[in-house]
Protein chains: 2
Amino acid sequence: MTSMEKGQIKDVDGFNAYLASRFDGLSKQLKKIARFVLDNPIDTALDTAAEIAGKIEVQPSSLIRFAQALGFDGFSEIQRIFRGGLVQQLPGYSANYSHRIEKLKEGTEDTASSDHPVLNVFIDANIDAINALRADATEAKLNEAVGYINKARHVYVVGQRRSYPVAIYLYYMMRNLDVPTYLLDGVGGLLPEQANQIGPEDTVIVVTFPNYSDQVISIAHKAAENGAKVVGLTDRLVSPIVKLSDVYFLSDKVEVSGFRTVAGTMCLAQALMIALGLDRETAGENA
Amino acid sequence: MTSMEKGQIKDVDGFNAYLASRFDGLSKQLKKIARFVLDNPIDTALDTAAEIAGKIEVQPSSLIRFAQALGFDGFSEIQRIFRGGLVQQLPGYSANYSHRIEKLKEGTEDTASSDHPVLNVFIDANIDAINALRADATEAKLNEAVGYINKARHVYVVGQRRSYPVAIYLYYMMRNLDVPTYLLDGVGGLLPEQANQIGPEDTVIVVTFPNYSDQVISIAHKAAENGAKVVGLTDRLVSPIVKLSDVYFLSDKVEVSGFRTVAGTMCLAQALMIALGLDRETAGENA
DNA sequence: CTGAAACGGGAATTTAAATTCCATTGAAAC
DNA sequence: GTTTCAATGGAATTTAAATTCCCGTTTCAG
C-alpha cells in the first residue's frame, strides 16, 4: 500500500486508494478537501471548481494545489476520473430497492453479485425499525424522559446481554453531559446489591428485550416500589416493564431469520441523548 | 394546440415531452440534433458542446441554434436539465440527506420550531448511514472477515468510548456462537497488557471512530506487526486503521449537530454476525 | 524572540468553452 | 435562369472557468 503511484489510477476506487495512501502527508486544508472529495463523489464530478470550493469553504486555488500535491496537472484531471466513475454507475438504475425486494422473493436476484441478499433484507428491516421511531419517539415523550433525567439526584442505567451495548452507550453519553450516572453492569454478580440504593429522588433507565432478563425486571420492580422514576426502552406493549415505567419507548420489534434488529434502539438512545443535550444547551443559554 | 410551454420544464422527462411536441417544426439538421439528445442523455449531460457537436457531426453553433429554437437562452441551459436528471438516477441519491444536514449545521433550519427537526434529520442521517452499507459491506468482504474469525485460535475485540458498545455487542454475539473471543475492555487501564498475547494465529476486530483512540490504534499496530489478521470497523478511508487492516468496513461518516450516527456501525456489526451465523449453520450441515 | 519555510487568500492571467456574427450554400418561387 | 430567404459552416467574440502568481499570515526550529 505504501508504494502507490499516480500512474495506475484509472477509476474512482483507484484514486481513493491513492488519496488515502497520500493523506497523511497533506496539510490541514488539503485534508479538508480530501475528505470532501472522498465523501462527495457526485459533487466532485459535476460541479465547477468554484462551486466545490464554495461548499468546502476554501479558495478555488486550493483545489488546484490539492490536485498538484497529488501529482496531477490540475483539478480538472481529477474531475475527469470522477465523471468517468459516475457514468459507470449509471446503466443499472437500481436506485429504488423495493423492486429488489420483489426480485429477492422471486429468487431472480443474482446471489453471486456484489451484495448479499440477506444483508439487504436486514438493512431494510433496520430502516423500518428506525422509521418507526418517528411515530413513537414523540417530542412530548422525549421531553418527559429528559425531565426525569434532569431532576434526578442520580440516574441509573441497566441492561443485560443484548441490551447491554445500549446501556453502555447511554452511560457514556450521560457522563459526557455531566449527568450523575451509574451503570448497573452486574460485574461480579452484584446486580441486586448495586440497585439497593435507588430511591425516590432517582431515575432509572431500563433497557430490556426478549427474553427479558429476570434480574433487570426485578430491578425495575424495586425502583418503582421505592418511588424512583422509570424510563423504559423495550420492544412492545406486553413487555414486563411497560407497566412499571413512567414513560416508555418501543423499538426493534422486527426480527429477520432469528436476528433481532438493534439499530432502532441505538438510534432511539441517541435521540434521547440529543434531546437531553439540546435541553441543557438551551438551559445554559438562559442562565 | 401545443399547450406545452417552456416554463414548466424542470426534469428530463418534461424536456423530452416538450421536444417531441416541437419536433415537427424543426429543420432537418435540428431534427438530427434532437434525435441525438433524446437517445444520448448521458452524453448530452456530461460532454462539452464541442464534443457533442463532433459526435453528431454538426457545428457547435448549431447546438445553440437548437436550444434557441426551443426557447432556451443557450445550450448550457439544456445541459443543466440533463445533469440534474443524471444525479437523480444515481444509486443512493434518494437516500441522501446531506443537504438537510448542511442546512441544520448552518442554522438555517429552524431548531426551535414545533416539531423536533433535529430528531427527524437525525433519523434521516441514520437511514442514510445504513443504506450506505449496501455498497460497502459486500458479500466478498463479509466472507473474508468471517474466514479470519473462523480460522483464528482466539478472536480479540477492541473498541473504546463511543465504539465500546459495538465491541461489547460483537463480543456477546461471538460468545453465543461459540467463537473463542476476548474483549479488550481496558478495565483497570490494562489495555496494553491485555493485547500482549496477540499472535499470528489470532484475529483482532478493531472498532474506532474519531477521535481515534491512540490506545486502540497502537493495539492494531501491534496486532498487524505480530502477524494477526485485523478486521477494521471505522468511518473512512483516511482512518488510521485502514492501512493496518486485512479487511475493513466503513460506516457512520455522518454527524448531525455534534452527534455522530451509530446505527450504521451497529447494523454492520450485526450483518457480520449474521454472515458468521449463516456460515456456521452451513458448515454444521455438512459435518 | 527571530528568521525561514510552508501555507493559504485572493487578484491577475491564461485557457477553454459557449455564443454570436457573417459569409456562403442550397432550396423554393417566380 | 434569377431572385429570395432560411439554413448552415466556420471564424470571431464574449463569457466563464481554470490556473498561476504574488503577498500576507501562520507555524515551527533554533
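All chains are named by letter (A, B, ...) in the order of the sequence lines, taking the proteins before the strands, and each is independently numbered beginning at 1.
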For this session: Could you pull out the closest heavy-atom pair between A:Met174 and A:Leu276, with the gap in Å?
Result: CG-CD2, 4.1 Å

Exercise. According to a strict under-4.0 Å criterion, is A:Gln59 in side-chain N/O contact with OP1 or OP2 of C:dG8?
Worked result: no

For this session: Would you check if the side chain of A:Asp11 reaches a backbone N or O of A:Gly14 as a donor-acceptor pair within less than 3.5 Å?
Result: yes

For this session: Please state how far atom CG in B:Leu63 lies from atom C1' in C:dT20, giving the value in whole angstrom units.
Result: 14 Å

Problem set entry | Under 3.5 Å donor-acceptor, A:Thr181 side chain and A:Tyr171 backbone | no

For this session: Look at the side chain of A:Gln68 and the backbone N and O of A:Asp73, then say whether any donor-acceptor pair between them is shorter than 3.5 Å.
Result: yes

Exercise. Nearest-Å distance, CZ (B:Phe66) to P (D:dA6)?
Worked result: 21 Å

Problem set entry | Charged tip of B:Lys141 within 45° of B:Tyr248 ring normal and under 6.0 Å | yes

For this session: Report which part of the nucleic acid B:Gln79 touches: base, sugar-phosphate, or nothing (heavy-atom distance under 4.0 Å, all strands).
Result: sugar-phosphate

Seminar exercise, completed: Within residues 23-36 of chain A, the residues having a heavy atom closer than 4.0 Å to DNA chain C are A:Ser27, A:Gln29

For this session: In whole angstrom, give the distance that lies between atom CD of B:Glu57 and atom C1' of D:dG9.
Result: 14 Å

Exercise. Are A:Phe15 and A:Phe82 close enough that their ring centres sit under 6.0 Å apart?
Worked result: yes

For this session: Answer yes or no: is there a donor N or O on one side and an acceptor on the other, between the side chain of B:Arg236 and the main chain of A:Asp39, under 3.5 Å?
Result: no

Exercise. Using a distance-only test with no angle check, is there a side-chain donor-acceptor pair under 3.5 angstrom linking B:Asp202 and B:Tyr148?
Worked result: no

Close N/O contacts between protein and nucleotides 19-22 of chain D (under 3.5 Å):
from: D:dT19; atom 1: OP1; to: A:Ser76; atom 2: OG; distance (Å): 3.3
from: D:dT19; atom 1: OP2; to: A:Phe75; atom 2: N; distance (Å): 3.2
from: D:dT20; atom 1: OP2; to: A:Gln68; atom 2: NE2; distance (Å): 2.7

Exercise. Can you tell me if the side-chain N/O atoms of A:Ser62 get under 4.0 Å from OP1 or OP2 in C:dG9?
Worked result: yes

For this session: Rounded off to whole Å, could you give me the CZ-to-P distance for the A:Arg80 and D:dA18 pair?
Result: 11 Å

